[in-house]
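Okay, so here's the structure we're looking at.
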Amino acid sequence: MSWNIEMPDAVWLSGDSPAHEIQEFVNEVADCKEVAIDTETTGLNISKDTVLYWSVAWYRPNGSTVRACLRADLLYRFEDIFHEKDRNWIFCNAKFDAHMCKNTGIDIDGEYHDISVMHSLLYEEMPHGLKEMTAQLQGWKWRGFTDTFGKVDRKDPKWIQNALITAEKENLALLTEYASNDAFGTLENYRTLKAQLQEAGTWSLYPELYGNLWDLFKKVEVPFTKVLWKCERAGMRVDLGYLSAIEGPVKMEIEKLERELVRMRGKPVNPNSTMQLRQWFFEELGIKPTKFTKGGAKGVKEPSLDFDALTALADDGVTAAIALLRYRDLTKLYGTYVIGLQDKVDQYSRVHTRFNQDVARTGRLSSSDPNLQNIPSPDNDKFKIRKAFTCEPGNCLIVADYEQLEMRLLAAAAMEQDMIDIFLKGWDIHMGNASLVFGLPYEDIANAKKTDKKVKEGLLPESEMTEYVHKCLYARQAAKTIGFGLNYGMGAKRLAATLGRTVEEAEALIDQYMSRYPTVKQFFKDSTNTALEYGYAFTILGRRRFLPGIKSNRMVDRSRAERQASNLPIQGTAADVAKMAMIRCDEANLHDRFGWHMISQVHDELIFEGPEETVDDVIPIVRECMMHPLPTDLAVPLTISIGKGHTWVDAK
DNA sequence: CAATATGGCGCG
DNA sequence: AAAGCGCGCCATATTG
């Protein structure tokens with residue numbers, strides 16, 4: 001028995017079933033407004049695999065429950081129902097099932113209610129998989145795929161479909177039971193989670209709109225799931241020629257560095273092996289470790305050879321450290337991006353990432369398979385991987401970025417009028433902060449920046465770099481580092497190290513900053529007090545994060561919770577803003593009007609692709625949607641920098 | 001053999 | 001590493 005509870009009998013239906021049975025079943029689904037659905041597929045690839053079997057479950061008006069397993073050939077009998085726009089479907093991992101259905105030729109046009117997303121709003125630290133959440137919420141356990149269908153050869157790419165198709169032939173009851181469990185569990189969890197979300201009060205700036213977590217789910221996350229599905233579906237065009245062209249040169253350079261490192265050591269070394277490197281540097285060369293690793297579960301701290309440590313060694317004249325830094329740089333690029341990316345490209349030269357809606361505790365997205373949110377920035381990447389992200393012939397890209405989004409949200413949340421004024425005047429925020437905090441005229445700082453640039457370009461003599469110019473530049477750098485760092489709760493030690501100053505100086509800088517912006521200081525204090533009082537930190541739309549560590553007696557835990565309590569309202573609200581902007585862009589219906597697709601998001605940056613002819617029609621619409629994402633505008637304008645071009649680099 | 005842990009590092 | 005927040009992926013080493 002798969003379940004440790006009473007279950008309704010599972011129904012099996014296929015195209016071979018009697019016509020009247022099928023028709024009765026279709027009719028009953030048509031009358032039901034909330035249906036849970038799950039797919040069994042040929043595999044897990046969202047751009048290739050298709051549905052083999054699918055299961056549905058719903059509650060009858062009389063209180064009984066139906067669960068059934070159907071063969072994929074019956075999907076087409078439900079097409080009219082799938083095409084209803086106001087129908088409520090319930091899934092676990094909705095985008096996956098919708099991809100599988102689409103790959104099988106079925107568009108699901110109704111609303112996608114994803115119980116993993118629901119679960120993530122309530123239990124952000126727990127796993128959101130069906131099995132795990134069912135065990136947690138219902139106390140039920142059931143057998144997994146391999147436990148049900150026996151040992152399989154996972155190296156065979158067709159292992160999933162082989163197991164399922166064999167089961168249909170040889171043990172139909174087992175297949176029916178297994179598959180319909182998933183839809184049934186999804187339905188039961190939905191009922192539980194819906195009640196819990198409705199009960200879950202929250203604090204948002206718009207209580208009449210988002211008074212509890214169910215409001216947030218239904219009004220924001222549900223439409224968002226479908227927006228993300230469309231982004232995943234569209235994918236992003238990759239220039240394989242570009243990647244293969246840099247593959248050779250990068251590899252050659254890596255091999256050259258490998259030989260160089262072996263020569264330096266005088267015996268073989270695998271530069272990817274931290275163990276061998278420690279042996280070499282700390283035992284053979286007798287270098288004294290200055291930095292240690294964090295130490296994992298066992299808490300064993302080993303001498304570190306990361307970027308900071310190697311840079312320090314390089315400065316001390318250890319030539320192997322220089323070579324190793326270059327080696328690291330290139331192998332990272334090669335393995336993760338040049339090779340890794342090519343493996344993920346589909347038959348149309350497009351990559352389809354997964355935008356995960358239920359991972360980040362702040363409500364941000366994450367991106368995986370491949371991760372399109374950590375592609376190297378062209379400033380730091382001499383091979384310009386981002387140039388490989390391009391568009392179809394006749395199309396172009398739009399790249400639209402929020403400018404200093406988190407800093408603006410901080411100013412608005414803290415109601416720091418002087419900082420707000422900097423944004424209203426259109427000033428550079430770091431220069432503005434430097435001016436106010438360190439009492440230097442804004443113009444002088446701006447001019448210092450220009451002078452520095454010209455001297456670097458050789459347009460002005462070195463003598464222009466007066467002590468005062470340096471002072472202005474340093475003020476801007478300090479203001480910038482503090483501005484970013486404070487959002488994350490950076491301490492004086494780290495600030496001192498980053499700026500190359502003493503700890504006392506760093507403390508003084510933080511003091512100066514905080515006393516010039518007292519409401520910012522108050523905002524951080526209020527954030528931790530809110531977490532202390534309610535146990536949670538909140539975003540502007542009422543997404544919340546549970547922070548039990550805020551009351552811990554252990555300093556490390558409590559301090560971390562305090563930093564998270566301060567950061568969540570900013571990072572999480574930025575995520576809310578991006579999310580709402582994407583929903584607004586989707587509602588603008590760029591596809592039907594202009595042939596444009598939204599294709600990617602990198603936290604504060606949206607990317608679109610469409611025909612060149614209409615690009616100038618689309619740009620102002622995107623800007624408008626992004627500037628006003630929330631029910632009301634904030635005290636700070638949200639400005640967008642927007643560009644067009646044929647690659648990710650050119651469009652920025 | 002696969003799954004997990006660790007160090008390291010890419011992004012906002 | 002440092003009271004720096006939030007992610008995912010690579011390679012190696014270890015564990016089962």
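Chain A is the first sequence line, chain B the second, and so forth, proteins listed ahead of strands; every chain is numbered from 1.
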| request: With heavy atoms under 4.0 Å as the rule, sort A/G485 into base, sugar-phosphate or nothing. | output: nothing

| query | What residues in residues 274-282 of chain A put a non-hydrogen atom under 4.0 Å from any atom of DNA chain B? | reply | A/T274, A/R278

| task | Looking at every strand, decide which applies to A/I375 at a 4.0 Å heavy-atom threshold: base, sugar-phosphate, or nothing. | result | sugar-phosphate

| field | Among C/dC7, B/dC11, C/dC9, the one nearest A/T336 by side-chain distance | value | C/dC9

| Considering only the P atoms, how many Å lie between B/dT6 and C/dA3, rounded to the nearest integer? | 23 Å

| request: Name the nucleic acid region contacted by A/T290, choosing base, sugar-phosphate or nothing; use a 4.0 angstrom heavy-atom cut-off, strictly under. | output: nothing

| Between C/dA1, B/dG7, B/dG12, which one does the side chain of A/T293 approach most closely? | B/dG7

| field | OP1 or OP2 of C/dA13 under 4.0 Å from side-chain N/O of A/S273 | value | yes

| Pair of N/O donor and acceptor under 3.5 Å linking C/dC10 base with A/K332 side chain | no

| query | Charged N to carboxylate O below 4.0 Å: is that the case for A/E232 and A/R354? | reply | no

| request: Could you tell me whether the phosphate oxygens of C/dC7, OP1 or OP2, come under 4.0 Å of any side-chain nitrogen or oxygen in A/R361? | output: yes

| query | Rounding to a whole Å, what distance do you find between A/L324:CG and B/dG7:P? | reply | 16 Å

| field | Ring centroid separation A/H119 to A/F217 under 6.0 Å | value | no

| task | Mind checking A/N272 for me? I need base, sugar-phosphate or nothing, with any heavy atom below 4.0 Å counting as a touch. | result | sugar-phosphate

| message | Need one value for A/A497: base, sugar-phosphate or nothing, where a base atom within 4.0 Å counts as base even if backbone is also close, heavy atoms only. | response | base

| What nucleotide among C/dT12, C/dG8, C/dC7 has an atom nearest to a side-chain atom of A/A360? | C/dC7

| A/G340 or A/S304, whichever maps to the more 5' nucleotide of DNA chain C | A/S304

| said: Quick check for you: to the nearest 0.5 Å, what is the distance between A/T290 atom OG1 and A/D308 atom CG? | reply: 9.0 Å

| query | How is A/S367 classified with respect to the nucleic acid when contacts are heavy atoms under 4.0 Å: base, sugar-phosphate, or nothing? | reply | sugar-phosphate

| Has the side chain of A/T293 got a donor or acceptor atom that lies under 3.5 Å from a matching backbone atom of A/K301? | no

| said: When you measure only distances, ignoring hydrogens and angles, does the side chain of A/R328 come within 3.5 Å of the base of B/dG8 through a donor and an acceptor? | reply: no

| request: Counting heavy atoms from C-beta on, name the nucleotide in C/dA13, C/dC9, C/dC5 closest to the side chain of A/R563. | output: C/dC5

| request: Could you check how far NZ of A/K294 sits from P of B/dA5, rounded to whole Å? | output: 18 Å

| message | Measuring from the side chain of A/K493 (C-beta onward, heavy atoms only), which nucleotide among C/dA2, C/dG6, B/dC9 has the closest atom? | response | C/dA2

| message | Any base atoms under 4.0 Å from A/S566, or only sugar-phosphate, or nothing? Heavy atoms, all strands. | response | nothing

| said: Using side-chain heavy atoms (C-beta onward) and a distance below 4.5 Å, is A/V345 in contact with A/R350? | reply: no

| query | Can you tell which of C/dA3, C/dA2, C/dG8 lies closest to the side chain of A/V359? | reply | C/dG8

| query | Touch check for A/R354, heavy atoms < 4.0 angstrom, all strands: base, sugar-phosphate only, or nothing? | reply | nothing

| message | For a quick check of understanding: with a heavy-atom distance under 4.0 Å over all strands, which category does A/D369 fall into, base, sugar-phosphate or nothing? | response | sugar-phosphate

| query | Are the side chain of A/S120 and the backbone of A/V117 linked by a donor-acceptor contact shorter than 3.5 Å? | reply | yes

| request: Please tell me which of A/Q373 and A/K344 maps to the more 5' nucleotide of DNA chain C, matching each residue to the nucleotide holding its nearest heavy atom. | output: A/Q373

| request: Determine, for A/D239 against A/K387, whether the closest basic-nitrogen to carboxylate-oxygen distance falls under 4.0 angstrom. | output: no

| message | Tell me whether the side-chain N or O atoms of A/N371 pair up with the base of C/dG8 as donor and acceptor below 3.5 Å, since no angle test is needed here. | response | no

| query | Does the side chain of A/F292 come within less than 4.5 Å of A/S304's, by heavy atoms? | reply | no

| said: Expressed as a whole number of angstroms, how long is the span from A/L486:CG to C/dA3:C1'? | reply: 12 Å

| query | Does A/S366 make a side-chain N or O approach to OP1 or OP2 of C/dG8 shorter than 4.0 Å? | reply | yes

| query | What is the distance, rounded to the nearest whole Å, between atom CG of A/D329 and atom C1' of C/dC9? | reply | 16 Å

| request: Measure from CZ on A/R560 to P on C/dG6 and round the result to the nearest Å. | output: 9 Å

| query | Whole Å only: how far is the CD1 atom of A/I385 from the P atom of C/dC10? | reply | 14 Å

| query | Any idea which of B/dG10, C/dG8, C/dG6 is nearest the A/Q564 side chain? | reply | C/dG6

| Minimum-distance nucleotide to A/N380 side chain [options: B/dC11, C/dA1, C/dA2] | B/dC11

| More than 12 heavy atoms from other groups under 6.0 Å of OH on A/Y534 | no

| query | Out of B/dG12, B/dG8, C/dA2, which nucleotide sits closest to the side chain of A/L305? | reply | B/dG8

| said: Taking the minimum atom-to-atom distance to the side chain of A/D604, which one of B/dG12, C/dT12, C/dG8 wins? | reply: B/dG12

| field | Rounded distance (Å) that lies between atom P of B/dG12 and atom CG of A/D576 | value | 20 Å

